[in-house]
Student: 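One structure, pasted below without further comment.
Lettering of chains follows the sequences in order, A, B, ..., and the numbering in each one begins at 1.
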2 protein chains.
Amino acid sequence: MDTKTLCLGVISLGAASGYEIKKAFEEDGLNHIYHTSYGSIYPALTALTKEGLVVCSAMAQEKRPDKKVYTITEAGRGALLTALSAPPAEDKFRSDFLFTMFFAHLLPPQHVAKLLDERIAWYEGNLAKMESSQGCNAFVHGMGLAVYRSAADYLKSHRQEFLDHLSSADKLVAE
Amino acid sequence: MDTKTLCLGVISLGAASGYEIKKAFEEDGLNHIYHTSYGSIYPALTALTKEGLVVCSAMAQEKRPDKKVYTITEAGRGALLTALSAPPAEDKFRSDFLFTMFFAHLLPPQHVAKLLDERIAWYEGNLAKMESSQGCNAFVHGMGLAVYRSAADYLKSHRQEFLDHLSSADKLVAE
DNA sequence: GATGTATATATCGTATAGATATATACTGGA
DNA sequence: TCCAGTATATATCTATACGATATATACATC
C-alpha cells in the first residue's frame, strides 16, 4: 500500500491537508494500522495532483499558516477502488522491543525489567486512548483493541516468569 | 533498529551467512517480530566486516554455491550490547488488510467476505506453524502466539457482524 | 521572557523494501 | 524425460519510505 493510496483513502473521507492526513495516521481510526510521514505525504500529494486524482485549493487562514486542502476527484475514487481491490500484503508486526527481549540474556536484568514495565505502560496507555475514542470503523477499531489488549495482558502475566527464567539461567552460567 | 544490528544479533547466536540471516527472520524465532531483506542484509554485512564487528570466512561447498560465513568479534559483541541498550522504538503493526477494511464500504460485499476469510486462514496458518515450532525464546515466541491468536479470534468472531453491518449500511444508502 | 506545543508546508539524506540477475541442484508432475 | 518449481547462495538496482531538519506563526505555560 503506497503513500499515494494512503492519502487517497483519507481524502476520500473528506477534503484534507497534508497535515490533517498525518494526524489521521496518528490520532484517528488509522492509528496503529498504518504509519506514514511528511516526507512521504507531501510528495504523494504533489503526484496525486499531477495525475488528476485530487485537486488542491489553497486556503488562507487567519492566525494560522496557509493550508492546502486536497479534494478527491472521480478519477481519484476510481484509482482508490482499484488500489483497494489488489490483494493486500501480509500483516506485519515490527517490534524493537521483542527483538531486544530476544537478546535479553545479554542485558542487565534490571534493565530488562525496566523495558518490560515501560512496554506494559505503553500498551496500556494506548489502550486507554483507544478505548476513549470510538474510531470511525468499529470493526477495525475493535481489532486494534483486541490485539493491543492481548499484548498488554501477555506482558503483564509473563513478566515475572521471564525475569525469573533469566536470573536462573544466569546462575547456571555463573556456576 | 537498523539492519546492521539485526544481523549482528543473529550472528551473535552463531556464525551465519546472509542467506541464513534472512531465513532467521522468516522461519526461526524472529519471524513476525522484525523483517528484513537481502537488499539490506548484504550491504550491512559488508559494512559490519569493514568496521571489524564481524569476520567473514568464505566456504566452498560441494553441490551448493559458495557460502560466506560471518562470525561476530569481541568488538561486535560490544556494539550489539550498545545497540540493544538504546531505548527501543515503539511497536508497530502495519496492515494492508485493516486499511482496506477501513474502506470496506467502497468494495463489493463478497470481496470483503473473501478478504476476511483469507486473512483468517492466514492467521490460522501462521498460528499452526508457530505452535509446531517452539522458538528459541519462549517469552518472545509466546507473545507472538498470543497476539496472533487474538487477531484470529477477533476476525472469526466479528466476521459476520461486520458483513451484516456493511449490508445494512448499503441498504440505507440505496433507500 | 523563555520554553513548549500546535498548526502548517516542504525538503534532504540515508535506509529500506522488493524486484531482479546469476548459478547450481534437487524434486515432482505431465 | 523434460519442464517447472523450489531450495541454496550472493549481489545489486531502483523506487520508495523514514526520520530529521528548516521555516513560520500563534498560543499557552512557567
Student: Using whole Å, what does the distance between atom C1' of nucleotide C:dG18 and atom CD of B:Glu26 come to?
Tutor: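 From B:Glu26 CD to C:dG18 C1': 13 Å.
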Student: Less than 6.0 Å separating the ring centroids of A:Tyr154 and B:Phe139?
Tutor: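 Aromatic pair counts; centres sit under 6.0 Å.
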Student: Are side-chain heavy atoms of B:Leu13 and A:Phe102 found at a separation under 4.5 Å?
Tutor: yes
Student: Whole Å only: how far is the CE atom of B:Met1 from the P atom of C:dT16?
Tutor: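 My rounded result for the distance is 12 Å.
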Student: Using 30° and 60° as the class limits, which term best fits the ring planes of B:Phe25 and A:Phe99: parallel, tilted or perpendicular?
Tutor: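 B:Phe25 and A:Phe99: parallel rings.
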Student: Quick check on D:dT8: is either OP1 or OP2 less than 4.0 Å from any side-chain nitrogen or oxygen of B:Tyr19?
Tutor: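 It does, given that an N or O in the side chain of B:Tyr19 lies less than 4.0 Å from OP1 or OP2 of D:dT8.
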Student: When you compare the side chain of B:Met101 with that of B:Phe162, does any pair of heavy atoms fall below 4.5 Å?
Tutor: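 Yes, at least one pair of side-chain atoms sits under 4.5 Å.
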Student: Both B:Arg94 and B:Lys68 contact DNA chain D. Which one's nearest nucleotide lies toward the 5' end?
Tutor: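 Residue closer to the 5' terminus by nearest nucleotide: B:Lys68.
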Student: Whole angstrom is fine here: how far is it from CG in A:Asp2 over to P in D:dC18?
Tutor: 11 Å
Student: NA contact type, A:Lys92, heavy-atom cut-off 4.0 Å: base, sugar-phosphate, or nothing?
Tutor: sugar-phosphate
Student: Name the nucleic acid region contacted by A:Gly39, choosing base, sugar-phosphate or nothing; use a 4.0 angstrom heavy-atom cut-off, strictly under.
Tutor: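 Base, at least one base heavy atom under 4.0 Å.
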Student: Looking at B:Lys4, does any N or O in its side chain come under 4.0 Å of the phosphate oxygens OP1/OP2 on C:dT16?
Tutor: no
Student: Taking atom P of D:dA17 as reference, at what distance in whole Å does atom CG of B:Asp96 sit?
Tutor: 11 Å
Student: Measure from NE2 on B:His35 to P on D:dC18 and round the result to the nearest Å.
Tutor: 15 Å
Student: Just to confirm, is there a sub-4.0 Å distance from OP1 or OP2 of D:dT8 to any side-chain nitrogen or oxygen of B:Lys23?
Tutor: yes
Student: With a 4.0 Å limit, can you tell me whether B:Ser37 has a side-chain N or O closer than that to the phosphate oxygens OP1/OP2 of C:dG18?
Tutor: no
Student: Starting at CG of A:Leu48 and ending at P of D:dT16, how long is that distance when rounded to a whole Å?
Tutor: 12 Å
Student: If you only use heavy atoms from C-beta on, which nucleotide in C:dT16, C:dT9, C:dT11 is closest to the side chain of A:Lys67?
Tutor: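 Looking only at side-chain atoms, A:Lys67 lies closest to C:dT9.
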Student: Look at A:Ser40 and D:dT16 and indicate whether a side-chain polar atom (N or O) is within less than 4.0 Å of OP1 or OP2.
Tutor: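 So the side chain of A:Ser40 is outside the cut-off, no N or O lying under 4.0 Å from OP1 or OP2 of D:dT16.
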Student: Could you see if B:Leu81 belongs to whatever hydrophobic cluster contains B:Leu53? Use Ile, Leu, Val, Met, Phe, Trp, Tyr and a side-chain cutoff under 4.5 Å.
Tutor: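 Yes; B:Leu53 is reachable from B:Leu81 via cluster members.
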Student: Take atom OH of B:Tyr38 and atom P of C:dT16, then tell me their distance rounded to the nearest Å.
Tutor: 17 Å
Student: Could you state the NZ-P distance from A:Lys22 to C:dT5, rounded to the nearest angstrom?
Tutor: 15 Å
Student: Should A:Ser17 be listed as having a side-chain N or O under 4.0 Å from OP1 or OP2 of C:dT9?
Tutor: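 For C:dT9, OP1/OP2 do have a side-chain N/O of A:Ser17 under 4.0 Å.
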Student: Among the candidates C:dA8, D:dA17, C:dA17, find the nucleotide nearest to the side-chain atoms of A:Tyr42.
Tutor: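 The answer is C:dA8.
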